[in-house]
Amino acid sequence: EGRKEEEEEEAVVGFSATSTPFRTPTHSSLPLLNKLNMASGVAIDAAVAKTYEEIKVRLQGADERERFKLVIMRLSDDQKSIIVDLENSLKVKDVENEANVFEKIINKLPNDDCRYALYDCKYENLNSLKEDLVFIFSAPEEAPLRNKMVYSSSKTALKLKLPGLKFEWQINDQSDKDALNLVAKLGGPKTIKTLEGKPLKP
């Protein structure tokens, strides 16, 4: 029975000392995930799920300009929980007069520390104008090693609080911030015509 519990915990983390295949956590793994989070001292603030609903759901009659365009999430100062960084998050009204919305978005990710983000990305493919949420995990080389380890090990638990995400974009250095890397996630340059209203560079 003890070995069975160990195997389940390995499945939650996604790896073990003897095997490397990744296994996606299931809802039955949630109690173990919470146990692991508490053991590591990293919890997920309730405002994370609340803000996710705000960026995901469009309420009839709501002011479109007040919707979130970008939600930044980070470790709290005491490194015990993942919180919403409202100061660096953006609403639609914050980018409506920007000449380059994508650049404004990407510049909100620091070069010397890790961040998670939810980006309401607007793009046009061969058929229509689309809008999709992109989960961003930014772990630049210049970030402290301990922070990179904590962010990386907390990502699975965080994403369980954000169900239904179709796209994930990981950033590890400056070159990863190029728009074409995101376009590759959305369908590739052969199918994507514009990103945030701007034609793609060849």
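Along the sequence shown, residues carry numbers from 1.
- Q79 and N147 share a donor-acceptor pair across their side chains, judged by distance under 3.5 Å alone.
- For the residue pair K177/N111, the side-chain donor-acceptor check at 3.5 Å is satisfied.
- Note on M149: it does not cluster hydrophobically with I44, by side-chain heavy-atom contacts below 4.5 Å among ILVMFWY residues.
- Of all non-hydrogen atoms in P110 and P140, the two that sit nearest each other are O-CG, 3.8 Å.
- A donor-acceptor pair under 3.5 Å links the side-chain atoms of S153 to the main chain of V150, judged by distance alone.
- Residues N88 and L70 form no side-chain contact, since every pair of their non-hydrogen atoms from C-beta on lies 4.5 Å or further apart.
- Although no hydrogens or angles enter the test, the distance criterion places no donor-acceptor pair under 3.5 Å between the side chain of S81 and the main chain of S76.
- We find that E54 and R67 are not joined by a salt bridge, their nearest charged nitrogen and carboxylate oxygen being 4.0 Å or further apart.
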Checklist entry - Going through the distances and angles, do E98 and K69 end up as a salt bridge (Lys or Arg N to Asp or Glu O under 4.0 Å)? => result CA-CA 13 Å; E98 289 290 327; K69 180 68 176 175; over 6 Å; no

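- The two residues W169 and I106 have their closest heavy-atom pair at CH2-CD1, 3.4 Å.
- To the nearest 0.5 Å, atoms SG (C121) and CG (L182) are separated by 5.0 Å.
- When hydrophobic clusters are built by joining Ile, Leu, Val, Met, Phe, Trp and Tyr residues whose side-chain heavy atoms come closer than 4.5 Å, directly or via intermediates, V92 is not grouped with V101.
- Using a 4.0 Å cut-off between a side-chain N of Lys or Arg and a carboxylate O of Asp or Glu, E168 and K155 qualify as a salt bridge.
- Taking the six-membered ring where the residue is Trp, Y119 and F102 present tilted rings, their angle falling between 30° and 60°.
- Heavy-atom minimum distance, K148 versus C114: CG-SG, 3.5 Å.
- Considering only heavy atoms from C-beta on, T191 stays 4.5 Å or farther from L186 through its side chain.
- Placement of L129 and I105 in two distinct hydrophobic clusters is found when ILVMFWY residues are connected by side-chain heavy-atom separations under 4.5 Å, directly or transitively.
- Expressed to the nearest 0.5 Å, how far CD1 of I136 lies from NZ of K108 amounts to 13.5 Å.
- The hydrophobic clustering, which links ILVMFWY residues whose side-chain heavy atoms are closer than 4.5 Å, places I83 and V71 apart.
- Taken together through direct or relayed side-chain contacts under 4.5 Å among Ile, Leu, Val, Met, Phe, Trp and Tyr, V42 and Y116 form part of one hydrophobic cluster.
- To the nearest 0.5 angstrom, L195 atom CG is 9.0 Å from N100 atom CG.
- No side-chain heavy atom of K91 sits less than 4.5 Å from a side-chain heavy atom of R65.
- Each salt bridge (charged side-chain N to carboxylate O under 4.0 Å, His left out) pair with one or both residues in residues 122-138, not counting sequence neighbours, appears once here: R58-E131, E124-K193, D132-K166.
- The structure places CG of L109 at 5.0 Å from CD1 of I72, a figure rounded to the nearest 0.5 Å.
- Side-chain atoms of D176 come within 3.5 Å of backbone atoms of N172 as a donor-acceptor pair (strictly under, hydrogens ignored).
- Atoms CG and CG, from D45 and L158 in turn, are 11.5 Å apart once rounded to the nearest 0.5 Å.
- When atom types are taken as modelled, the side chain of N107 and the backbone of K104 share no donor-acceptor pair closer than 3.5 angstrom.
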Next on the checklist: I'd like to know whether K198 forms a salt bridge (Lys or Arg N to Asp or Glu O under 4.0 Å) with E103, so could you lay out the CA-CA distance, the side-chain angles of the two residues, the decisive distance to 0.1 Å, and finally the verdict.
Outcome noted: CA-CA 11 Å; K198 295 180 72 70; E103 187 174 294; over 6 Å; no

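- L165 is listed as a side-chain neighbour of Y52, based on a closest heavy-atom distance under 4.5 Å.
- One N or O on the side chain of Y151 and one on the backbone of L75 form a donor-acceptor pair closer than 3.5 Å.
- Counting heavy atoms from C-beta outward, P144 and D113 have side chains that approach closer than 4.5 Å.
- Of the inter-residue distances, the one linking M73 atom CE with T51 atom OG1 reads 8.5 Å to the nearest 0.5 angstrom.
- A cation-pi arrangement is found for K159 relative to F135, the charged atom lying closer than 6.0 Å to the ring centre and inside a 45° cone about the ring normal.
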